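Chain naming here is simple, since letters A, B, ... match the order of the sequence lines and numbering starts at 1 in each. From a predicted model like this one, the values you see are computed outputs, not experimental measurements.
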Number of protein chains: 2
Amino acid sequence: MEANASKNMHSHCLEITMEVHKVVPPPHRSTIQKLKTKLKEIFFPDDPLRQFKGQPLKRKLILGAQYVFPILQWGPNYSLKLFKSDIVSGLTIASLAIPQGISYAKLANLPPIVGLYSSFVPPLVYAVLGSSRDLAVGPVSIASLVMGSMLRQEVSPSKDQVLFLQLAFTSTFFAGLFQASLGLLRLGFIIDFLSKAILIGFMAGAAIIVSLQQLKSLLGITHFTKQMDLVSVMTSVFHNTHEWSWQTILMGFCFLVLLLLARHVSMRKPKLFWVSAGAPLVSVIISTLLVFAFKAQNHGISVIGKLQEGLNPPSWNMLQFHGTHLGLVIKTGLITGILSLTEGIAVGRTFATLKNYQVDGNKEMIAIGFMNIVGSSTSCYVTTGAFSRSAVNHNAGAKTAVSNIVMSVTVMVTLLFLMPLFQYTPNVVLGAIIVTAVVGLIDIPAAYLIWKIDKFDFIIMLCAFFGVIFISVQDGLAIAVALSIFKILLQVTRPKTVMLGNIPGTDIYRDLHHYKEAVRLPGFLILSIEAPINFANITYLNERILRWIEEYEPEDNIKTHSSLRFLILDMSAVSTIDTSGVSLFKDLRKAMENKGVELVLVNPLAEVIEKLQKADVAHEFTRPENLYLTVGEAVASHSSAMKVQSSSM
Amino acid sequence: MEANASKNMHSHCLEITMEVHKVVPPPHRSTIQKLKTKLKEIFFPDDPLRQFKGQPLKRKLILGAQYVFPILQWGPNYSLKLFKSDIVSGLTIASLAIPQGISYAKLANLPPIVGLYSSFVPPLVYAVLGSSRDLAVGPVSIASLVMGSMLRQEVSPSKDQVLFLQLAFTSTFFAGLFQASLGLLRLGFIIDFLSKAILIGFMAGAAIIVSLQQLKSLLGITHFTKQMDLVSVMTSVFHNTHEWSWQTILMGFCFLVLLLLARHVSMRKPKLFWVSAGAPLVSVIISTLLVFAFKAQNHGISVIGKLQEGLNPPSWNMLQFHGTHLGLVIKTGLITGILSLTEGIAVGRTFATLKNYQVDGNKEMIAIGFMNIVGSSTSCYVTTGAFSRSAVNHNAGAKTAVSNIVMSVTVMVTLLFLMPLFQYTPNVVLGAIIVTAVVGLIDIPAAYLIWKIDKFDFIIMLCAFFGVIFISVQDGLAIAVALSIFKILLQVTRPKTVMLGNIPGTDIYRDLHHYKEAVRLPGFLILSIEAPINFANITYLNERILRWIEEYEPEDNIKTHSSLRFLILDMSAVSTIDTSGVSLFKDLRKAMENKGVELVLVNPLAEVIEKLQKADVAHEFTRPENLYLTVGEAVASHSSAMKVQSSSM
């Protein structure tokens, strides 16, 4: 019914010839109002205070508390049923977290125990503040790698351990501070500049770097380079062949195969997630027993060695906000902060969409930030939601953040009573565990998809990848980000302009190169500009449009029509315009007048109309005969006018 | 006729209910073809080789020669009539060029004679290579100021003059090299990033800085600060009050008034352009006579002093491409190069539009670049087309670049025979000349217009202005450019999304907030996205669209309609999309399925369709019922479908 009705009305209104719809200036709004809406769009696009509107004060307070502490949302109606599935998943990720914690700590050149500390406190903090139900919190490979490599530029972890530890905690603090303030200042969109393409390339590169670092323990080399890049690592590996120990290599190879097999199984059958989840702990136990049985540590297999027991000692007294290394520490904090934040947020969003619930990006940032600030004063280094572990958590059927609590309790027990057991754990197994963990970061299919969809994105990805491998992690990132910003600027400086043609039998106008049936109308040049017009592209647009006009020759040979009479600019896609943009139209109008061509604007948007009005005192642009709501109407009214003249010729 | 015909056909086709127009994928083009067109748009938007197409070889060669040396275009049919007007304008700008040349050279801390050298060789080069007919070539105030101030950071012009001169020539060489390569590499768009707003703020600031520098000669101070910024200049002026000489001040004041009056007259009556054009030379002559008559140089009025005669000595042996100052020299070359290029191009374009002829930006850059490269090896410092002088040239009726030749010949004569006359020219007059010249750079009305049109541009302008005044010329520029790039990025990260409504009696859909008569259709949410979709804005778009949906409640209360059934995205304005953009649509589709809302895309452009097709194997997006050519058709076909269901409820 309705559709037909509207159609009839429509065709009806078209019978009334020349009935056109005015382009009206938008309803007036003061500068303040405009500024307010603009700022809201910039900082509060998700309108977080929406839910508070029109609620009684008491309710508002409750909502506020729940907003700050999401645990108050799901806590009250938490049931035994939920707890059952949470405890399973919690124990599962704990069995993964303990060996990984130790391994990643070594990756960051920190004492293994710090890795366990970092799996104890932060999960508790996140359970209270975090809004994701699947995030499994703890240290992650990439942030560990970056922190380790960056700090090692200035301080040797082996020579002055204490200083190195202080710097690690301090940069963790800055990372947290940075993350939290990003969330508080609603500047979350900054992490969006690490595009998917960048991350895929970067992750793959980092995975390779990390694996290369493991050659030290996998081959049992004692004199290993301090550099990270492919070349120097490889040289140092093959210059120290005499240090290779066959026992280590053999053991490493066996456990690597074992772990990779386990991973393969779980990937094939997600039901068997526990295989890959349990494998690391199992191999730690087995290898430890082996070493213990055969006194293998005396046969060239290096072991972790004594670890002190007990919970996290306080470390706020170790934070240093002065001294020569402050610059480095802040830089490290920023980069590790951004990287871990990106991973955490991405993980949160992924599982949120899977289970169809919302995570508030900025809120997550605050949660992760506080988690790291607290961590930095309780002997933890930078932590976030790890992808692999969260996946296990999800598969193990985690329902709420309680699984994090279960995990951290398990870790606590380990810290209190089980530390001596790790004394004989061989480093080679930790190396194997890390390699298995990071292999998953190399995502070939995704890379191929990018290649298929967008070649430029693919190049950016390659830059990130090779930058990380051959130069350094942070430089690789920087190059890739710079490139993708350059890509955006290029798009802005070279906006699309397409020539429109009429689709016969309609008043629809579409791209001539896209819709082959579309035809050009003699005497008209109809262009649509597909981007905001600003200082960066007016020169291009000017030249381009003039070129369109010079190239103009209609197919038909009716002489009276063959000359260009009207330039119609469809402005529907010009979302905004600046002072330079306004001047472009003034220049165009002048140029057109010289050529005897009439400039007609179609459907300029609110902002554009306003600015054009403010700019031209003569109201040249807002004259009705130069301003139409649709291309069809513009063409209709002008072509009839043209007929009259041409017939009089 | 035609219009009505098309209308009838149109209304006719509308009677056939549900007749919709397929959205077809664009005709296939290989990656190479696409890359080719892309690169062409980036580097050859003006298609310079257009004219060569389909010409015989001989003609091609001629055209090629004319393309490289525009003089061959207008040279052959140059007439005595043209020469008459050229010689007038040539002599006029010469009378302006000589005193200005001397003054600007002093502004750049260079010996006055270099200013005259720079008004002799470069104009000849430009006359051969340049494509503008009105550009009057020579040294300009801002480039002189910047070069002087930047080089003085490391080398004192008074202590080691020769080194300073060498650096000046070398940076001129780099400026030219940079300008020429910008043109050759077709990267001209880089100067577009100096937006109008920036330039207005920057020019005004520079004008003030320049004028402040003149206080030295206007007050006759001998110990003057080496700093440029407002504060330090003012302090040094008022700490040296004892050095002020009343004779100098008196003389300076008189001539300043005289010159400003002359300028005022010419601005009132463009016919009297020669008043302001001649004034500088006249005041130089008078002041020189006065000094000579009263031996004023012995009464505290400083004069230029002896100047050697003769034409430009070669200076390629003075170019230094090594040593400690190389970095500074290159930096100076870049900045002065960009600044002078921007001025030159802007001037060329302005007068080209006035007289309705084309200047090829990239060709101009090559011309100006070569001009400076040649200049650097013939004792000239950086030159370009000066705005004030070109205006005079234009008003004096210049027809071709011959006026430049006339000017440079006049300068040559001066260099050969008239130099001794300048021995007694007082510096104070040169100061007055500079101040009068730069006052014109302060453009209050333009600033006001920017304030009216775009507040953010106004802020950028202020940053440039105050940055130049209080910090330094180059930093002021840098800050402003950074800000305007940030503005672009902000626009990209926060693209416009508007809710469309149907304008009653038509199938036109427009912004609900803009067109008050537009009405929402129950069951439909129609959004149009007004920007390319990429990594920087997918998060925002996702949140924003979900918010639109949550906020959705139609005005009417017919329960069966009040629930959202269709989300229609008008993609007409989405000019391009990247891999992240594709993933956005996948996520959206998932989210919509969970909400039981159908996602419909309207008029995606060629590139977008292609990428979506490549991305989704299931062809979810390219199903006809999810893809329409116009919003009207999408609504029509779906609303009828909805009717059927709702009636069956």
(request) Can you see which heavy atom on A:G188 is nearest to which on A:N362, and at what distance? (result) N-OD1, 3.4 Å
(message) Need one label for B:K516: side chain, backbone, both or neither, based on atoms under 4.5 Å from any heavy atom in chain A.
(response) side chain
(request) Please flag which part of B:E517 lies under 4.5 Å from any non-hydrogen atom of chain A: side chain, backbone, both or neither. (result) neither
Region of [X] that comes under 4.5 Å of a non-hydrogen atom in chain B:
| X | answer |
| --- | --- |
| A:I198 | neither |
| A:I577 | backbone |
| A:A606 | both |
| A:K38 | neither |
| A:I450 | both |
| A:I503 | side chain |
| A:D360 | neither |
| A:A531 | neither |
| A:E607 | side chain |
| A:K196 | both |
| A:E530 | both |
| A:S528 | neither |
| A:L35 | neither |
| A:D578 | both |

(message) Less than 4.0 angstrom from a charged side-chain N to a carboxylate O is my criterion; do A:K34 and A:E610 meet it?
(response)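 Looking at A:K34 and A:E610, the cut-off is met.
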(message) Between the side chains of B:K487 and B:D454, is the shortest nitrogen-to-carboxylate-oxygen separation below 4.0 Å, so that they form an ion pair?
(response)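 Yes, charged N to carboxylate O under 4.0 Å.
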(message) I need the A:L629 CG to A:E633 CD distance, nearest 0.5 Å.
(response) 6.0 Å
(message) If I take atom CG from residue A:D511 and atom CG from residue B:N603, how far apart are they, to the nearest 0.5 angstrom?
(response)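 Reported to 0.5 Å precision, the distance equals 9.5 Å.
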Assess the side chains of [X] and [Y]: does a donor N or O sit below 3.5 Å from an acceptor N or O?
| X | Y | answer |
| --- | --- | --- |
| B:N502 | B:R510 | no |
| A:N537 | A:T493 | no |
| B:T539 | A:D192 | yes |

(request) Flag the one option from B:L449, B:L489, B:I190 with the top tally of heavy-atom pairs under 4.5 Å to chain A. (result) B:L489
(request) Name the option with the most non-hydrogen atom pairs under 4.5 Å to chain A; the candidates are B:K590, B:R349, B:R494. (result) B:R494
Side-chain donor/acceptor of [X] to backbone N/O of [Y], under 3.5 Å:
| X | Y | value |
| --- | --- | --- |
| B:K455 | B:W451 | yes |
| A:K496 | B:S575 | yes |
| B:K586 | B:V582 | no |

